[in-house]
Amino acid sequence: MVYKDVVAWSSMITGYVRVGNPNYSLELYTKMIDLGFDPNGFTLSAVIKACCEIRDLKLGCGFHCVVIRRGFEENNVIISSLIDMYGKNYDFSSALKLFDEMPKPDAVCWTSVISALTRNELHEEALRFFYTMHRRNGLLPDLFTFGSVLTALGNSGRSRQGREVHAKIVTAGLCGNVVVDSSLVDMYAKCGVVDGSQRVFDRMDKRNSVSWCALMGGYCQKGEFDTVIELFRTMEEVDLYIFGTVLRACAGLAALKSGKEVHCQYLRRGGWRDVIVESALVDLYAKCGFDNYAYVIFRQMKVRNSVTWNSMISGFAQNGKGSNLLKTAAISSSFS
DNA sequence: TTAGGGTTAG
């Protein structure tokens, strides 16, 4: 395919990123360059976003060089894409460096760096940036900013500040957005204020799987596992994330029957081979005394991580399988 | 024609 000018190429490249085909966007970009067209700001922000989607840090760095070479360093749209790309690829120091070099970052750039810090679990730093953006620079946080800030507040267990931010969201008239409301449910849940989560959840007009998952996570954290299982049974649509939480509740109760039902439902969905859910299954069966079955799942897993190994090893330990335990522990140590 | 947000396991 050949387009007549760089505007047409950019529209196509941007369009394919938007519809979730970043690889094709990058192919188009290569073709465009091969045909001798020069990328403009629109093209570059789109391909950087594509690198972000496919989690290709190396290629993203390459585009960062192109941005510098072509003199787009003061383009806020491109820089916020780059900050986001570095943040999502867990290179927060590059994200921070880029942000620090900006003479006058706008609210979106502040939000991008707050999100990069939150994603890299630098929650206190993210909150410092949020207050600086707001108080010292007079920039107004929006829906996107609050989404990240609530994550940082929840993960650092700051319920008092969480309530203050909740008040700001109400004042700004931003309640009613499903992402912000779900983030509030999650913030209260992670702070151990599950009644706060429930209140926000009850007032929501529109809920999605994130809202449910956040609420159920709150009850799990409180040890109210029966409530989690009850909530799960009332859900009409479930997604991958829910399984991890509900299996944690089943394991907490050593509820083999419920666990098996959830396991069947997970298998019926088909296609998912998720390390988190499968690790939760290993833990569930081991806690219910079925370490042999836990081991069957463990062996079939395509991807294992430290949680999987720990669940299996402690499963053997709990069930008095000393020799299996030592064998598994020895193999796991060769992976670390 | 372009940028940024939320949820699972030991």
Side-chain angles (χ1 to χ4, degrees), chain A residues 6-15 17-18 39-49 52 72 75-85 87-88 95 99 105-116 118-119 141-152 154-155 174 177-187 189-190 197 207-218 220 228 238-252 266 272 274-284 286-287 304-315 318:
Chain A
V6 68
V7 175
W9 280 101
S10 297
S11 309
M12 294 312 292
I13 291 169
T14 311
V17 178
R18 197 177 301 132
N40 62 18
F42 292 88
T43 336
L44 288 172
S45 62
V47 287
I48 292 163
K49 195 171 177 182
C52 196
F72 286 108
N75 181 320
N76 278 359
V77 177
I78 294 180
I79 301 302
S80 63
S81 306
L82 279 169
I83 292 172
D84 190 50
M85 189 277 296
K88 285 189 176 138
F99 180 80
D106 62 16
V108 177
C109 292
W110 278 93
T111 304
S112 303
V113 79
I114 290 167
S115 153
T118 304
R119 197 176 293 271
D142 66 5
L143 296 167
F144 289 77
T145 327
F146 283 122
S148 288
V149 166
L150 288 168
T151 304
N155 285 322
L174 298 174
N177 174 281
V178 71
V179 176
V180 170
D181 288 347
S182 303
S183 305
L184 281 167
V185 174
D186 181 58
M187 182 276 292
K190 293 230 168 77
S197 296
R207 302 180 186 111
N208 62 17
S209 64
V210 179
S211 340
W212 284 87
C213 199
L215 179 70
M216 285 157 70
C220 256
V228 177
V238 295
D239 75 351
L240 183 61
Y241 283 83
I242 296 290
F243 286 103
T245 304
V246 73
L247 286 169
R248 179 179 161 197
C250 295
Y266 174 68
W272 287 333
D274 184 72
V275 65
I276 295 180
V277 177
E278 289 173 339
S279 302
L281 284 166
V282 169
D283 187 57
L284 164 79
K287 283 211 171 89
R304 301 182 192 102
N305 63 20
S306 61
V307 178
T308 328
W309 287 96
N310 281 339
S311 299
M312 193 64 255
I313 291 166
S314 53
Q318 281 158 24

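Proteins come first, then strands; the chains are lettered A, B, ... in the order of their sequence lines, and each starts at number 1.
Counting non-hydrogen atoms under 4.0 angstrom, A:V282 reaches nothing in the nucleic acid. Heavy atoms of A:D181 sit nowhere under 4.0 angstrom from any nucleic acid atom. Within 4.0 Å of A:N75, counting heavy atoms only, lies no atom of the nucleic acid at all. If you check every strand for non-hydrogen atoms under 4.0 Å, A:G217 touches nothing. Across all strands shown, A:I48 has no heavy atoms under 4.0 Å from either base or sugar-phosphate atoms.
Residues passing the side-chain hydrogen bond (donor to acceptor under 3.5 Å, both in side chains) test with A:S81, sequence neighbours excluded: none. Partners of A:W9 according to the ring-ring contact (aromatic ring centres under 6.0 Å, His included) rule, which considers only residues two or more places apart in sequence or in another chain, are A:Y3, A:F37. By the ring-ring contact (aromatic ring centres under 6.0 Å, His included) test, A:Y266 pairs with A:F243, sequence neighbours left out. A search for side-chain hydrogen bond (donor to acceptor under 3.5 Å, both in side chains) contacts involving A:D181 returns nothing, not counting sequence neighbours. For A:S10, the side-chain hydrogen bond (donor to acceptor under 3.5 Å, both in side chains) criterion is met by A:N40, A:T43, not counting sequence neighbours.
Contact of the A:V108 side chain with the A:N76 side chain is not registered, since no non-hydrogen atoms from C-beta on lie closer than 4.5 Å.
Put simply, chain A comes within 4.0 Å of DNA chain B, heavy atom to any atom, from B:dT1 to B:dG10, going 5' to 3'.
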